[in-house]
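Following: one structure in structure tokens, then a few remarks.
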Amino acid sequence: MIHFPAQRRDPLSALSLRLAAALGLVLASVAVVWLDRDGYRDANRDSEGLSLLDCFYYVVVSLSTTGYGDIAPVSESARLINVLYITPARVIFLIILVGTTLEVLTEQYRTGLRLSRWRRAVKDHVIICGYGTKGRSAISALLENGFDKSRIVVVERSGAALRQATSAGLVAIEGSATRSATLNEAHIRTAKAVIIATDSDDAAVLVALTVRQLTAGQVRIIAAAREAENAPLLKQSGAHHVIVSSATAGRLLGLSTSAPPLIEVVEDLLTPGQGMALAMRSAERHEVGRSPRELDALVIALVRRGKVVTLADRAGGVIETGDMLVHVRDDRRTSTPMS
């Protein structure tokens with residue numbers, strides 16, 4: 001099942017408000033009829049006046065336009081109340097009921113229309129398998145680098161995680177990423193990349209195998225692994241890149257002990273809006289043929305034909321046409337003027 005970002009109020013709360021309004025209208029009408037109960041007559045009884053139950057009965061059949069005719073207003077005041085209050089209340093009551101039905105039908109039509117539009121437009125998107133801590137961090141990194149939110153699709157089984165994803169304005173698909181049907185619903189064959197951020201390595205392996213089978217290796221797969229020993233298995237399963245979370249965390253812990261300033265630099269690079277950030281851009285025409293060290297930007301590596309070339313390599317001494325420059329940029333959201 002595909003869940004779109006919420007654009008309006010929860011249907012359950014809207015329905016509850018309509019039911020409350022209808023009930024309030026009934027109670028108010030009962031109170032009005034009860035105050036003038038002597039002006040009504042029951043055709044099945046000889047005595048004039050109505051009981052409280054009779055008032056409820058008369059109001060319900062009147063507002064619902066059932067109209068059995070067994071209870072009728074006979075006094076002028078009762079008939080005036082019917083003209084000035086009961087008849088408008090009947091119209092309002094019907095509007096509430098019909099409006100609720102129309103709202104439900106309109107919502108179903110709108111959802112179907114959004115679904116058909118999304119299926120026609122979705123292409124070159126990124127599928128995030130798992131909306132846990134790793135999945136949310138990956139999405140944040142994509143958005144920070146200018147990736148369009150509408151081109152991100154979350155695949156998740158947890159209902160709570162699905163609600164969080166849709167609340168964040170993301171399209172979410174309910175189901176297991178290990179199932180071909182779920183990935184096909186996410187249009188896996190037209191995707192740009194798949195990020196596997198599951199809670200367990202065995203699930204990540206199954207997802208990678210399923211994605212590779214469906215796409216024949218044409219879609220880039222990036223997977224997160226908890227243990228380093230599972231990284232080769234993920235690559236054999238079809239993952240192009242594997243990030244070992246436990247090993248990375250261990251290295252950062254070691255740096256924080258042996259070289260505390262380095263961990264601050266790494267945190268600065270990974271935290272958006274703090275100061276420094278890693279970025280990548282295409283080499284400009286006037287930069288071709290020059291050394292990366294001569295540029296004003298702090299270039300730390302080149303990406304040439306899909307492979308990373310460090311500046312320590314001989315090939316990294318000169319920028320070539322088509323190279324991508326990996327550099328450190330100023331990522332401060334608000335610049336402080338220098339005194």
Are the side chain of [X] and the backbone of [Y] linked by a donor-acceptor contact shorter than 3.5 Å?
X    : Y    : answer
E284 : H286 : no
H125 : H187 : yes
D313 : A315 : no
H241 : A224 : no
E156 : Y131 : yes
H240 : I221 : yes

inquiry  = Under a 3.5 Å threshold, yes or no: a donor from one side chain and an acceptor from the other, between S200 and T198?
reply    =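 Looking only at side-chain atoms, T198 and S200 do not form any donor-acceptor pair under 3.5 Å.
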task = Would you kindly say whether R189 and N184 are connected by a side-chain donor-acceptor distance under 3.5 Å?
result =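 There is such a pair between these side chains.
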Give a yes or no on whether [X] and [Y] share a hydrophobic cluster (residues Ile, Leu, Val, Met, Phe, Trp, Tyr; joining criterion: side-chain heavy atoms under 4.5 Å apart).
X    : Y    : result
L23  : F56  : yes
I243 : I195 : no
I196 : L214 : yes
L35  : L52  : no
V171 : V122 : yes

How close do [X] and [Y] get, counting heavy atoms only, and between which atoms?
X    : Y    : value
L25  : A89  : CD2-O, 3.4 Å
V244 : A231 : CG2-CB, 4.0 Å
C129 : V194 : SG-CG1, 3.8 Å
L170 : V154 : CD1-CG2, 4.0 Å
I128 : L142 : CD1-CD1, 4.3 Å
V288 : E320 : CG1-C, 4.1 Å

request  = Apply side chain to side chain contact (heavy atoms under 4.5 Å, CB included) to M324 and L302, showing your working.
outcome  = CA-CA 6 Å; M324 300 291 293; L302 303 175; over 6 Å; no
Value rounded to 0.5 Å, distance of [atom1] in [X] from [atom2] in [Y]:
X    : Y    : atom1 : atom2 : result
L233 : D202 : CG    : CG    : 10.0 Å
T182 : I127 : OG1   : CD1   : 11.0 Å
L311 : S291 : CG    : OG    : 7.5 Å
I300 : L298 : CD1   : CG    : 7.0 Å
Y85  : I92  : OH    : CD1   : 8.0 Å
L143 : D148 : CG    : CG    : 9.0 Å

request  = For the pair D323 and R304, evaluate salt bridge (charged side-chain N to carboxylate O under 4.0 Å, His left out) and give the outcome as yes or no after the intermediate values.
outcome  = CA-CA 5 Å; D323 284 353; R304 182 172 298 161; 2.8 Å; yes
Are side-chain heavy atoms of [X] and [Y] found at a separation under 4.5 Å?
X    : Y    : answer
V211 : I188 : yes
R179 : T210 : no
V126 : V153 : no

request  = Could you give me the CA-CA distance, side-chain angles and deciding distance for E287 and R281, then say whether salt bridge (charged side-chain N to carboxylate O under 4.0 Å, His left out) is met?
outcome  = CA-CA 12 Å; E287 296 172 339; R281 64 173 176 84; 2.8 Å; yes
ask   = Any ion pair linking D201 and R226 (charged N to carboxylate O, less than 4.0 Å)?
value =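 The answer is no: the pair does not qualify as a salt bridge.
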message = Does I222 form a side chain to side chain contact (heavy atoms under 4.5 Å, CB included) with R220? I'd like the steps, not just the answer.
response = CA-CA 7 Å; I222 303 99; R220 182 167 296 277; 3.8 Å; yes
query = Relative to F147, does R151 satisfy both conditions: NZ or CZ under 6.0 angstrom from the six-membered ring centre, and within 45 degrees of the ring's axis?
reply =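 The answer is yes; both the distance and angle limits are met.
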request  = Walk me through it: do V205 and N230 pass the test side chain to side chain contact (heavy atoms under 4.5 Å, CB included)?
outcome  = CA-CA 9 Å; V205 171; N230 294 326; 5.8 Å; no
key: Stepwise side chain to side chain contact (heavy atoms under 4.5 Å, CB included) test for L63 and S29   = CA-CA 9 Å; L63 295 184; S29 301; 4.1 Å; yes
task = Give the C-alpha distance, both sets of side-chain angles, the deciding distance and a yes or no for salt bridge (charged side-chain N to carboxylate O under 4.0 Å, His left out) between E174 and R157.
result = CA-CA 5 Å; E174 184 177 1; R157 290 185 300 178; over 6 Å; no
task = Taking atom CZ of R290 as the centre, report whether more than 12 heavy atoms of other residues, nucleotides or ligands fall under 6.0 Å from it.
result =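 Atom CZ in R290 is crowded, with more than 12 foreign heavy atoms closer than 6.0 Å.
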